[in-house]
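Counting starts at 1 for both ligands and their atoms, in listed order. Scope of the values below: all heavy atoms of this structure, side chains included, with no hydrogens, waters or symmetry mates. Position 1 is the first residue of the sequence, and the numbers go up from there. Please read all numbers here as calculations on a predicted model, not as lab measurements.
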Amino acid sequence: MGMSIDLSAIQANWKSLAERAPGARAAAVVKADAYGLGAARVAPALYEAGVREFFVALAAEGRALRPLLGDDARIFVLSGHMEGQDLTGLIPLLNSPEQFFRDRALRPRGAFGLQLDTGMNRLGLEPGEWAAIRSEALAAGPSLLMSHLACADEPEHPANAEQLAAFRAMTDGTGVPRSLSATGGILLGADYHFDIVRPGVGMYGGLPFAEARPVLSLDLPVIQTRDVKAGESVGYGYSWTAKRPSRVATVAAGYADGLARALARQGELRLWAGERACPVVGRISMDLITVDVTDLPDIPKKLAILNAAQGIDALADLSGTIGYEILTSLGQRYARTYS
Ligand SMILES: *Cc1c(COP(=O)(O)O)cnc(C)c1O
């Protein structure tokens, strides 16, 4: 099974998101192995395109990237300074008074930033905690003050303006570089941009960046095809029964490859032979998917599950999830090729 990743499309998507925030520097979020696409290839391509600020979730992700990027690249760690972590060459975004005091005790000269909670209640210092350590923290010279929007993919949601006001109240006049917005916040407009924006999913071709260039295609090799008589069934639970004499192809990929059983639950999942759509029939197994190819003039060696017609968000709709989860679930069995 093959995953083709278009690095030039990732670079182009990053540039067009950067152009939407002309007053800010555009960083790149490459956590979770660059959303499953391979951080070891994606991050250097972004560096080449001009990215100098990278965000990862965990210190271990940052350490793996450090030797692959130039010394002028800054790698921020969103989980901050957790006990026992090696943060050499990284910039933790400290999330609590406990993390702040731990970090200052262990790395008194190490660069750090601070993450503030403006309403999401997930990570970051609450306003009261910030007030308590603010003068000491500012005196220590943070590289960044950041927060994260909970509802940026819903432009009309009142939480956006509330979080913006809370962020301003906590950071106005500090003189420290600030960052509030991921992909969704970039699209909310200039008020949300501050000094650094942090796009992730939009670079990888996902909503809410509807104008993104597609980045990913997935091809599943056909292992065998067979004729199925009308009245015969296919797969676990015999959940699909042929109404007509049919030709069924079995392809190599399944729920162990991030193609969840729920994708096939409505009977609307298609695999593609070029422009021709072929319905998936029966249940998705761990390593196998069965496809009705009766109407194809000839059977190709492989069928696509992600292409220009069926992108990550279309797949996500079928299983009731989001493009982010499709991307980060695909797993390690695909042979990745980069162009
Ligand atoms: C994941 C994440 C991002 C990137 O978000 P996208 O919606 O993928 O652009 C930015 N900031 C933080 C704190 C994140 O956790």
A.B. asks: Backbone, side chain, both or neither: what part of Val29 comes under 4.0 angstrom of ligand 1, heavy atoms only?
C.D. replies: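 Answer for Val29: side chain.
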A.B. asks: What about Gly200: any of its N or O atoms under 3.5 Å from an N or O on ligand 1?
C.D. replies: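 Gly200 vs ligand 1: N/O contact under 3.5 Å present.
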A.B. asks: Got the closest protein heavy atom to atom 5 (O) of ligand 1, with its distance?
C.D. replies: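 Nearest protein contact, heavy atoms only, for atom 5 (O) of ligand 1 is Ala182 CB, 3.2 Å.
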A.B. asks: Are Pro199 and ligand 1 in contact, using a heavy-atom cut-off of under 4.0 Å?
C.D. replies: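 For ligand 1, residue contact (heavy atoms, under 4.0 Å) with Pro199 is present.
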A.B. asks: In terms of residue, atom name and distance, what is the protein heavy atom nearest to atom 4 (C) of ligand 1?
C.D. replies: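 The closest one turns out to be Tyr35 OH, 3.3 Å.
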A.B. asks: When you measure from the side chain of Asn307 to the backbone N and O of Ile305, does any donor-acceptor pair fall under 3.5 Å?
C.D. replies: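 No, because the side chain of Asn307 does not come within donor-acceptor range (under 3.5 Å) of the backbone of Ile305.
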A.B. asks: With the threshold set at 4.0 Å, does a side-chain nitrogen-carboxylate oxygen contact exist between Asp292 and Arg244?
C.D. replies: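 Salt bridge between Asp292 and Arg244, a charged N being under 4.0 Å from a carboxylate O: yes.
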A.B. asks: Would you say Arg122 contacts ligand 1, with heavy atoms under 4.0 Å as the rule?
C.D. replies: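 Yes, Arg122 has a heavy atom closer than 4.0 Å to ligand 1.
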A.B. asks: Quick one: does Tyr324 get within less than 4.0 Å of ligand 1, heavy atoms only?
C.D. replies: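 A heavy atom of Tyr324 does come that close to ligand 1.
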A.B. asks: If you measure from each non-hydrogen atom of Arg198 to ligand 1, which part falls under 4.0 Å: side chain, backbone, both or neither?
C.D. replies: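 Looking at Arg198 and ligand 1, atoms from backbone and side chain both fall under 4.0 Å.
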A.B. asks: Please determine whether the number of non-hydrogen atoms from other residues, nucleotides or ligands lying under 6.0 Å from atom CZ of Arg261 exceeds 12.
C.D. replies: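 Not more than 12 within 6.0 Å, no.
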A.B. asks: Under a 4.0 Å threshold between the charged nitrogen and the carboxylate oxygen, would Glu19 count as salt-bridged to Lys15?
C.D. replies: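 Salt bridge flag = no for Glu19 with Lys15.
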A.B. asks: Any cation-pi pair here, Arg52 with Tyr47, using under 6.0 Å and within 45°?
C.D. replies: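 Because its charged atom sits under 6.0 Å from the ring centre and within 45° of the axis, Arg52 does stack over Tyr47.
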A.B. asks: Flag yes if more than 12 heavy atoms outside Arg333 fall under 6.0 Å of its CZ atom; otherwise flag no.
C.D. replies: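 More than 12 within 6.0 Å, yes.
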A.B. asks: Which protein heavy atom lies closest to atom 2 (C) of ligand 1, and at what distance to 0.1 Å?
C.D. replies: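 Ranking protein heavy atoms by distance from atom 2 (C) of ligand 1, first comes Lys31 NZ, 2.5 Å.
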A.B. asks: Is a side-chain donor or acceptor of Arg66 paired with a backbone partner of Gly89 at a separation under 3.5 angstrom?
C.D. replies: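 Yes.
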A.B. asks: Taking non-hydrogen atoms only, is Leu78 closer than 4.0 angstrom to ligand 1 via side chain, backbone, both or neither?
C.D. replies: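 For Leu78, only side-chain atoms sit under 4.0 Å from ligand 1.
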A.B. asks: With a 4.0 Å cut-off on heavy atoms, is Tyr204 touching ligand 1?
C.D. replies: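 Judged by the 4.0 Å heavy-atom criterion, Tyr204 does not count as contacting ligand 1.
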A.B. asks: Give a yes/no verdict on whether any heavy atom in Met203 is under 4.0 Å from an atom of ligand 1.
C.D. replies: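 Distance cut 4.0 Å: Met203 fails for ligand 1.
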A.B. asks: So is Arg178 actually on top of Phe194's ring, under 6.0 Å and inside 45° of the axis?
C.D. replies: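 Pair Arg178/Phe194 does not count as cation-pi.
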A.B. asks: Is the shortest side-chain N to carboxylate O distance from Glu53 to Arg25 below 4.0 Å?
C.D. replies: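 Arg25 and Glu53: salt-bridged.
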A.B. asks: What protein heavy atom is closest to atom 9 (O) of ligand 1, reported as residue, atom name and distance in Å?
C.D. replies: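 That would be Thr183 OG1, 2.5 Å.
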